[in-house]
There are 2 protein chains.
Amino acid sequence: MAAPLRLAVDKNSPVPLYHQVAQALEDAIRTGELPPGTKLDNEIDLANRLNLSRPTMRKAMDQLVRAGLLVRKRGVGTQVVGSQVRRSLELSSLHDDLRSSGGSPTTAVLGLARVPADEETAQLLGLSPGDEVYHLRRVRSTDGEPLALMENWVPCSRCELDRERLEQDGLYALMRAQGVTFQLAHQRVGAVAADEEQAALLGVEPGAALVSMTRTALDDVGRPVETGHHVYRGDKYSFELTLVQH
Amino acid sequence: MAAPLRLAVDKNSPVPLYHQVAQALEDAIRTGELPPGTKLDNEIDLANRLNLSRPTMRKAMDQLVRAGLLVRKRGVGTQVVGSQVRRSLELSSLHDDLRSSGGSPTTAVLGLARVPADEETAQLLGLSPGDEVYHLRRVRSTDGEPLALMENWVPCSRCELDRERLEQDGLYALMRAQGVTFQLAHQRVGAVAADEEQAALLGVEPGAALVSMTRTALDDVGRPVETGHHVYRGDKYSFELTLVQH
DNA sequence: AAGTGGTCTAGACCACGCG
DNA sequence: GCGTGGTCTAGACCACTTC
């Protein structure tokens, strides 16, 4: 049950040491070099072996504990979680909430307009009702099959949107390129039945079950920069997440 | 924009200092004492003021950053997130995945039996096909209205289940009382249409949209201890989560 | 140049589980 | 009693932003 484990870190890399270690451990776990149930050596030994301090070693392991790959028990030790841990929805990534299951994703813009914000949108974006916002509707498809219907609102003051680049780069990339930083997103996930329009656009029967998601994204100082409502075909999409007890 | 903020910690409490600080800050934010957009004093000053070391102060703030209440920016400072942060599904809690929206929850056991594990269940629980597992089906209601249909499997080797205590205490409490520790859960959330039986039990029309959730829970050494599939009425239930960029 | 958060170290002591 | 993870300290240097 001991962990031989050939790890190495580059102290001159700009990548933080704890991140290098976490990455190396994660790779070892995902490749099966550290099979489920393996007991790791204790933190002090591991730290010494890599010429790291214990806090740095711990910080690396903390990440993997939160990601659900390791389990720690005081007085006992640390083990690799014993089950086929499917790659979970990476909570670290806001970049793309679509798992590209092999296919090539494309996006079509159905509508793009500057409109005055209604009360609810203004509230969500921290604006006054009537302030101008972009309102956009898009369909995302993989392999030609429609998968998601996305409706979003963005304050006009934050960036400029145009149809072509939206389809090319995506909303987030476009906004990021104009200096918007995404830091946080609050999401709500539920289920709704497809109405006539949604059904037609997604290629399902009216009444079909859809995964519904509403989101508000905030920038690096906590200001709302985007809000939206997405629906996904329930037969082709789901969210994964890992809960950790602490 | 300065933060006066009257904080205090008890160095003799068994509660970790970083947790006391995080709790105090969270309370101050949720009560509005620290309104959205407030800039906090820098970490060193805050640490000094509480007679704490900077790492301890940082650890407290890390928690709130992950929870989506604070936002940090290098070279600039730390601010309270600027939006009505609704109380999010506490990722820290596995105890109850139901938001008791005022109502009083009750649970009815529809079925409880010891059966040999089928292939899929055995796989999920790390058993061999044919090993004995409890199979249980329950309906959870609030205010007399059915809300969720829960189907679960538990290895018989881990605990003993009986109908009465299941209804009284719930599955997790019952297992915990028998020494099972819950550490991790992997969940998948999607949408399905209600079949005839689900519709009847939940009091909705067949075909109605349901939130579907499958979960496998692991104990403190990463062994699977429970797996299950729940469906919730889509018109009464949703999941909330906060994503953080790091 | 000054101020901020980001990282890292080298210790220390404690609480818990186990033999 | 011993080994483990859990917590905490008092520094240090760096990277980045702002003025």
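Residue numbering restarts at 1 for every chain, and letters A, B, ... go by the order of the sequence lines.
The side chain of Arg72(A) contributes no N or O atom lying less than 4.0 Å from OP1 or OP2 of dT4(D). For dG5(D), the OP1/OP2 oxygens have a side-chain nitrogen or oxygen of Thr78(A) closer than 4.0 Å. Residue Lys59(B) places none of its side-chain N or O atoms closer than 4.0 Å to OP1 or OP2 of dT9(D). Remark: Ser53(B) is not in phosphate contact with dG11(D), judged by side-chain N or O atoms under 4.0 Å from OP1 or OP2. Side-chain nitrogen and oxygen atoms of Tyr18(B) include at least one within less than 4.0 Å of the OP1 or OP2 phosphate oxygen of dT7(D). Close to dT9(D), at under 4.0 Å from its OP1 or OP2, lies a side-chain N or O of Lys11(B).
Proximity of a side-chain donor or acceptor of Thr78(B) to a complementary backbone N or O of Asp41(B) within less than 3.5 Å is not detected. Using a distance-only test at 3.5 Å, with no hydrogens or angles considered, no donor-acceptor pair links the side chain of Asp45(A) to the main chain of Asn42(A). Thr227(B) places a side-chain N or O within 3.5 Å of a backbone atom of Arg215(B) that can act as its donor or acceptor partner. Gln178(B) places a side-chain N or O within 3.5 Å of a backbone atom of Glu160(B) that can act as its donor or acceptor partner. Judged by distance alone, with hydrogens and angles left aside, the side-chain atoms of Gln20(B) form a donor-acceptor pair with the main-chain N or O of Val15(B) at under 3.5 Å.
dG5(C) atom P lies 14 Å from atom CG of Leu64(B), rounded to whole Å. In this structure, Asn12(B) atom CG and dC13(C) atom C1' are separated by 15 Å, rounded to whole Å. The nearest whole Å value for the distance from the CG atom in Leu46(A) to the P atom in dT4(D) is 10 Å. Rounding to whole angstrom units, CZ of residue Arg74(A) and C1' of dC16(C) are separated by 5 Å. Between the CG atom of Leu52(B) and the C1' atom of dG11(D) there is a distance of 16 Å, given to the nearest Å. To the nearest angstrom, P of dC18(C) lies 17 Å from CG of Asn42(A). Between the CD atom of Glu43(B) and the C1' atom of dA10(D) there is a distance of 15 Å, given to the nearest Å. Atom pair Leu50(A):CG and dT9(C):C1' shows a separation of 15 Å (rounding to whole Å applied).
Positionally, the nearest nucleotide of DNA chain C for Pro16(A) lies more toward the 5' end than for the other of Pro16(A) and Val76(A). Between Arg58(A) and Gly75(A), the residue anchored closer to the 5' end of DNA chain D is Gly75(A), taking for each the nucleotide with the nearest heavy atom.
Residue Asn51(B) is in sugar-phosphate contact alone, with no base atom involved, counting any heavy-atom pair closer than 4.0 Å across all strands shown. Within 4.0 Å (heavy atoms only), Leu17(B) reaches sugar-phosphate atoms of the nucleic acid but no base atom. Residue Pro55(A) is in base contact, counting any heavy-atom pair closer than 4.0 Å across all strands shown.
Between the side chain of Arg54(A) and the base of dG6(D), at least one donor-acceptor pair of N or O atoms lies under 3.5 Å.
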